[in-house]
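The structure appears below as structure tokens.
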Amino acid sequence: MTQTAAATDALYRRVSWRILPLLILCYTFAYLDRVNIGFAKLHMQSDVGISDAVYGLAAGIFFLGYVIFEVPSNLLLAKIGTRKTIFRIMVLWGLTSAAMMFVSDATSFYVLRFLLGVFEAGFAPGIIFYLTYWFPPARMAAAMGLLMLPGPIGSMLGGPISSWLITNFEGVAGLHGWQWMFLLEGLPCVVLGFIVWKTLADTPEQAKWLSAAEKDQLRRDIAVDQDKGQHSFRQVLRDPKVYLLAVGYFCLISGLYAVSFWLPTILKENGLTDTVTIGLYSAVPYAFAIVLMIVLGRRSDRTGERRLHSAVTALLSAVALAVAAFTASNFAVSLIAIVIATACMWASYTVFWAMPSQYLKGTAAAGGIALINSIGLLGGFVSPTLIGFVKDATGSTVVGLLSMVVLLLVGSLAIYANRLPAR
């Protein structure tokens with residue numbers, strides 16, 4: 001490695017250490033506040049009196065609010081900056097997540113979950129767009145691999161922490177354990193919002209910790225690729241490749257959130273009864289997912305290949321999820337299959353986001369990334385809602401999981417078929 005290359009690598013390591021840890025922490029709480037109802041359900045369902053269908057619809061309705069306000073939020077971010085946008089999002093969603101402690105019936109459940117989606121809209125695509133200011137396409141998969149870690153981290157830590165809070169805070173100050181869980185996991189987001197406001201630099205030009213030469217280096221690296229790909233949002237709206245990306249993402253999201261929202265219930269169906277034990281077992285798939293995300297993201301950057309890395313792991317996740325559905329009576333085999341399916345879905349998801357951020361440039365990036373995310377996140381509404389209705393009708397999650405297998409197969413094909421311009 002030449003001295004120049006070594007210096008460049010050192011610069012990007014420094015950038016990563018300065019901006020990614022805070023974003024990862026924020027995203028961890030964002031994901032935790034989305035999926036912690038999976039653990040609250042184990043007790044909240046009987047306390048409030050809601051069915052599996054109501055739970056599934058409430059879990060999914062979050063994404064309707066998210067999708068409606070996603071593109072406007074990201075287009076506004078491009079004008080006012082990431083710092084103000086993330087501050088607004090985190091404070092409002094933190095307060096709303098904490099307010100979930102006041103759920104008393106199906107209506108209040110639906111309203112608060114919808115508002116949580118409205119207030120969090122634009123967070124994930126906003127951060128992805130923000131990274132395009134700091135990393136050139138050749139380094140995006142590795143950066144995305146780190147940024148997407150909060151998904152499995154939030155689930156891995158959220159299981160044991162949420163189940164511990166629910167169990168140990170039951171009855172404290174006359175509240176249920178699940179009410180304390182929502183309060184204690186929601187309010188830290190408000191604090192993080194103020195930390196973002198005080199510390200985050202909107203662009204490299206505003207970063208006081210970079211020298212003039214380092215800012216110039218980042219500007220040159222990123223400018224090299226700005227003349228390639230789609231530049232205007234109108235072009236994006238007419239581009240079939242963008243919609244094919246959205247289809248692939250929709251299918252991946254369907255599988256991811258099917259597992260995220262229903263894993264505690266699936267483990268309970270497989271014979272686990274203790275809430276803390278369910279929380280500990282639910283962390284296992286995400287520990288493996290973290291490793292595979294990092295490994296696959298780095299390998300994708302090293303080879304420069306995205307499409308096959310994402311499509312093949314999506315295919316493997318479909319096969320593993322099918323095995324999990326058909327072996328529900330064998331806990332060990334089913335758990336191993338869920339571990340493989342979850343790890344592969346998250347790995348596919350990680351590499352996937354290096355593709356639109358590489359293809360979309362200029363003013364198209366903010367709106368285009370949000371458009372793909374908006375369409376794709378409808379899968380977060382469809383999958384938990386579908387599984388909830390199927391479980392109410394059949395008494396089992398097996399048929400619902402098999403429908404997710406079909407969607408993951410379709411997603412794998414959509415990603416494989418989408419040949420974006422080479423870089």
Side-chain angles (χ1 to χ4, degrees), residues 1-31 77-78 81-87 90 123-154 191-226 290-304 306 347 350-351 353-358 360-361 365-366 369 423:
M1 182 182 293
T2 66
Q3 185 175 0
T4 302
T8 300
D9 287 344
L11 170 60
Y12 283 105
R13 280 196 300 271
R14 186 164 171 239
V15 168
S16 296
W17 277 108
R18 287 302 298 254
I19 68 172
L20 288 179
L22 178 58
L23 296 179
I24 288 171
L25 184 59
C26 293
Y27 206 171
T28 298
F29 274 95
Y31 198 83
L77 178 147
T82 304
R83 185 172 60 94
K84 291 179 181 178
T85 300
I86 295 181
F87 169 75
M90 295 200 67
F123 181 74
I127 290 178
I128 293 167
F129 174 63
Y130 179 64
L131 290 187
T132 65
Y133 289 150
W134 299 86
F135 296 96
R139 296 178 183 267
M140 273 297 287
M144 290 298 299
L146 294 173
L147 182 63
M148 295 304 168
L149 287 179
I153 288 174
V191 177
L192 283 171
F194 280 94
I195 293 174
V196 166
W197 173 263
K198 291 293 185 181
T199 63
L200 197 69
D202 274 325
T203 63
E205 284 73 20
Q206 296 177 13
K208 296 178 181 178
W209 44 271
L210 288 174
S211 68
E214 289 171 332
K215 293 176 182 179
D216 189 54
Q217 174 75 55
L218 294 177
R219 194 181 305 113
R220 287 198 309 271
D221 289 352
I222 293 167
V224 166
D225 204 66
Q226 286 298 313
I290 289 170
V291 175
L292 189 57
M293 288 169 71
I294 294 173
V295 170
L296 201 74
R298 289 178 176 174
R299 187 181 188 280
S300 178
D301 272 352
R302 188 169 63 252
T303 62
R306 314 295 193 196
T350 298
V351 177
W353 272 116
M355 293 189 286
S357 59
Q358 180 172 294
L360 300 170
K361 301 298 171 188
I369 290 171
R423 296 285 176 257

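Computation of the quantities below employed the complete heavy-atom set of this structure, encompassing side-chain atoms and omitting hydrogens, waters and symmetry-equivalent molecules. Only a predicted model underlies this, so the values are computations on that prediction, with no experimental measurement involved.
Within the structure, the salt bridge (Lys or Arg N to Asp or Glu O under 4.0 Å) test picks out the following pairs touching residues 137-149 (sequence neighbours left out): Asp9-Arg139.
We find the CG-CD1 distance between Leu22 and Ile195 to be 7.0 Å, quoted to the nearest 0.5 Å. Distance check, rounded to the nearest 0.5 Å: CG of Leu200 to OG1 of Thr82 gives 6.5 Å. Here CH2 of Trp134 is found 6.5 Å from OG1 of Thr203. Values are rounded to the nearest 0.5 Å. Expressed to the nearest 0.5 Å, how far OG1 of Thr85 lies from CD1 of Ile127 amounts to 10.5 Å. One distance of note links CZ of Phe123 with SG of Cys26; it measures 5.5 Å at 0.5 Å rounding. Residue Ile86 holds its CD1 atom at 7.5 Å from OH of Tyr130, rounded to the nearest 0.5 Å.
You'll find the side chain of Ile153 reaches within 4.5 Å of the side chain of Ile290, heavy atoms only. Between Ile294 and Thr350, the closest side-chain pair of non-hydrogen atoms is not below 4.5 Å. Counting only heavy atoms from C-beta outward, the side chains of Thr8 and Asp221 approach each other to under 4.5 Å.
Remark: Arg14 pairs with Glu214 by the salt bridge (charged side-chain N to carboxylate O under 4.0 Å, His left out) rule, at least two apart or across chains. Here Asp202 pairs with nothing under the salt bridge (charged side-chain N to carboxylate O under 4.0 Å, His left out) rule; sequence neighbours left out.
Between Trp197 and Phe87, the angle of the ring planes lies from 30° to 60°, which puts this pair in the tilted group.
Leu77 and Gly126 get closest at one heavy-atom pair: CD1-CA, 3.7 Å. Looking at every heavy atom in both residues, Arg306 comes nearest to Ala354 through NE-CB, 3.8 Å. Closest approach of Leu146 to Ile24, counting heavy atoms only: O-CD1, 3.4 Å. Considering all non-hydrogen atoms of both residues, Ser16 and Pro21 come closest at O-CD, 3.2 Å. Closest non-hydrogen pair, Gln217 versus Leu11, comes out as CG-CD2, 3.5 Å. The minimum heavy-atom distance between Pro136 and Ile222, with the atom names listed, is N-CG1, 4.0 Å.
Open room surrounds CH2 on Trp17; 12 or fewer heavy atoms of other groups in view lie less than 6.0 Å from it. Within a 6.0 Å sphere centred on NZ of Lys215, other residues, nucleotides and ligands contribute more than 12 heavy atoms.
Ionic pairing of Arg298 and Asp301 is not present here: no N-O contact between side-chain nitrogen and carboxylate oxygen is shorter than 4.0 angstrom.
Panel note: side chain Ser300, backbone Leu296; no donor-acceptor pair is recorded below 3.5 Å.
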Practice task
Kindly determine whether Leu149 and Thr28 satisfy side chain to side chain contact (heavy atoms under 4.5 Å, CB included), including the steps that lead there.
Solution key: CA-CA 8 Å; Leu149 287 179; Thr28 298; over 6 Å; no

